[in-house]
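This report concerns only the one structure given below.
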2 protein chains.
Amino acid sequence: MSDTSPSEISRLEKTLFRLQAQHACLAYAFEAIADRPGPVVELGLGLGRTFDHLRRHLRGREIFVFDRVNKAYEDCRPDPAHLFLGEIEETLPALGERLAGRVVLANSDLGSFDRELNRRVAAMSARLLPPVMAPGGIVMSDLPLELDGFEALPLPPGAREGRYYLYRRPS
Amino acid sequence: MSDTSPSEISRLEKTLFRLQAQHACLAYAFEAIADRPGPVVELGLGLGRTFDHLRRHLRGREIFVFDRVNKAYEDCRPDPAHLFLGEIEETLPALGERLAGRVVLANSDLGSFDRELNRRVAAMSARLLPPVMAPGGIVMSDLPLELDGFEALPLPPGAREGRYYLYRRPS
Ligand SMILES: C[S@@+](CC[C@H](N)C(=O)[O-])C[C@H]1O[C@@H](n2cnc3c(N)ncnc32)[C@H](O)[C@@H]1O
Ligand code: NI
Ligand code: NI
């Protein structure tokens, strides 16, 4: 990059800028929830990179992870009691009371290169997350979400706008 | 990251720091070869991220890409005349005179999480690249390489030492 407009950035830069923004949002979130007890939710385990980052920085927190399948690196796998395999549409609501209104940080990382699918998963996250989030809770997302009653936050320094999305439920 | 020693960084940070360093090395290399005509070599197409970055920044250059398989995103695939599928050990030397002593930039990106394999592919790159490189040519690598007659360069600003490797054949 340097010289090109956002629509012309390379695949390398797309990945780099997304990881940079995600990393900066996570650092922000770790500070923001430091004094707020409560569980953390990861929607989309993927290779387990973010889960690995979460568990290293949030020792002692319960981290609930959701994905259709477990394709994570062997050393980045949640313990089975905190990994919920299946369609998030079913697995997340099924946790009901265990999470309702208690989650202090949720990372929704469900996007792909399929636009229509992205529209659908963003709508799903926007519908399923508010019921589980605590007051003051942070939602991070790789896709923009229309979260009722949340405020959109500017990205922290080091993150390029539009490469990740950050929301907060007022406390 | 922030608080942890290098051996304790998360999988997210490993990937982020590698991409950051790679991106910075590429920017350095684009400057360094700007006035030097000659082809470019990419060892390891992978998903095609780096190839996509190379072709956007090096319009008009010939880019020769090598991999065992073509698993790149559909819109990140080299034209068939510049994609050499098979074992690099065979496909690169087979190009013989077309490349000998002419390559101004080579990116060797063959690493995996298998240490023993990494040792072997690094030895292979270190053996196969010098014959094709031009005077003043730049070699970038995800693994440290013992390149006879090359100088190791410090990484450009923005890259963390040890996350990528940069070499130059004196001109
Ligand atoms: C890390 S990926 C390359 C990533 C790519 N540069 C990118 O930016 O998307 C490594 C690739 O090297 C290929 N590879 C590793 N050793 C090889 C060998 N000896 N011969 C041919 N291909 C090899 C693998 O098939 C794999 O696709
Ligand atoms: Ni650029
Ligand atoms: Ni850290």
Q. More than 12 heavy atoms of other residues, nucleotides or ligands under 6.0 Å from CD of Glu97(A): is that the case?
A. no
Q.
For a 4.5 angstrom cut-off between non-hydrogen side-chain atoms, does Leu16(B) reach Leu16(A)?
A. yes
Q.
Taking CG in Asp79(A) as the centre, count heavy atoms belonging to other residues, nucleotides or ligands within less than 6.0 Å. Is the count above 12?
A. yes
Q) Does atom CG of Asp114(A) have more than 12 heavy-atom neighbours, drawn from other residues, nucleotides or ligands, at distances under 6.0 Å? A) yes
**Q.** In one Ile/Leu/Val/Met/Phe/Trp/Tyr side-chain cluster, 4.5 Å: Leu19(A), Leu45(A)
**A.** yes
**Q.** From NE2 (His57(B)) to OG (Ser10(A)), nearest 0.5 Å
**A.** 6.5 Å
Q) Is it the backbone or the side chain of Phe113(A) that comes under 4.5 Å from a heavy atom of chain B, or both, or neither? A) side chain
**Q.** Note, Arg11(B) side chain near Asp75(A) side chain (heavy atom, < 4.5 Å)
**A.** yes
Q | CD (Glu74(B)) with more than 12 external heavy atoms under 6.0 Å | A | no
Q. How many angstroms lie between CG in Asp52(B) and OG1 in Thr15(A), if you round to the nearest 0.5 Å?
A. 10.0 Å
Q. Leu26(B) versus chain A, heavy atoms under 4.5 Å apart: side chain, backbone, both or neither?
A. side chain
**Q.** Proximal component of Tyr73(A), with respect to chain B [non-hydrogen, under 4.5 Å]
**A.** side chain
Q. Closest heavy-atom contact between Arg56(A) and Glu8(B)?
A. NH1-O, 2.9 Å
Q | ILVMFWY network linking Ile63(A) to Leu83(A), side-chain heavy atoms under 4.5 angstrom | A | yes
Q: Working to the nearest 0.5 Å, report the span between NE2 of His53(A) and NZ of Lys14(B).
A: 13.0 Å
Q) Is there a chain of hydrophobic side chains (I, L, V, M, F, W, Y, each step under 4.5 Å between heavy atoms) that links Leu95(A) to Val132(A)? A) yes
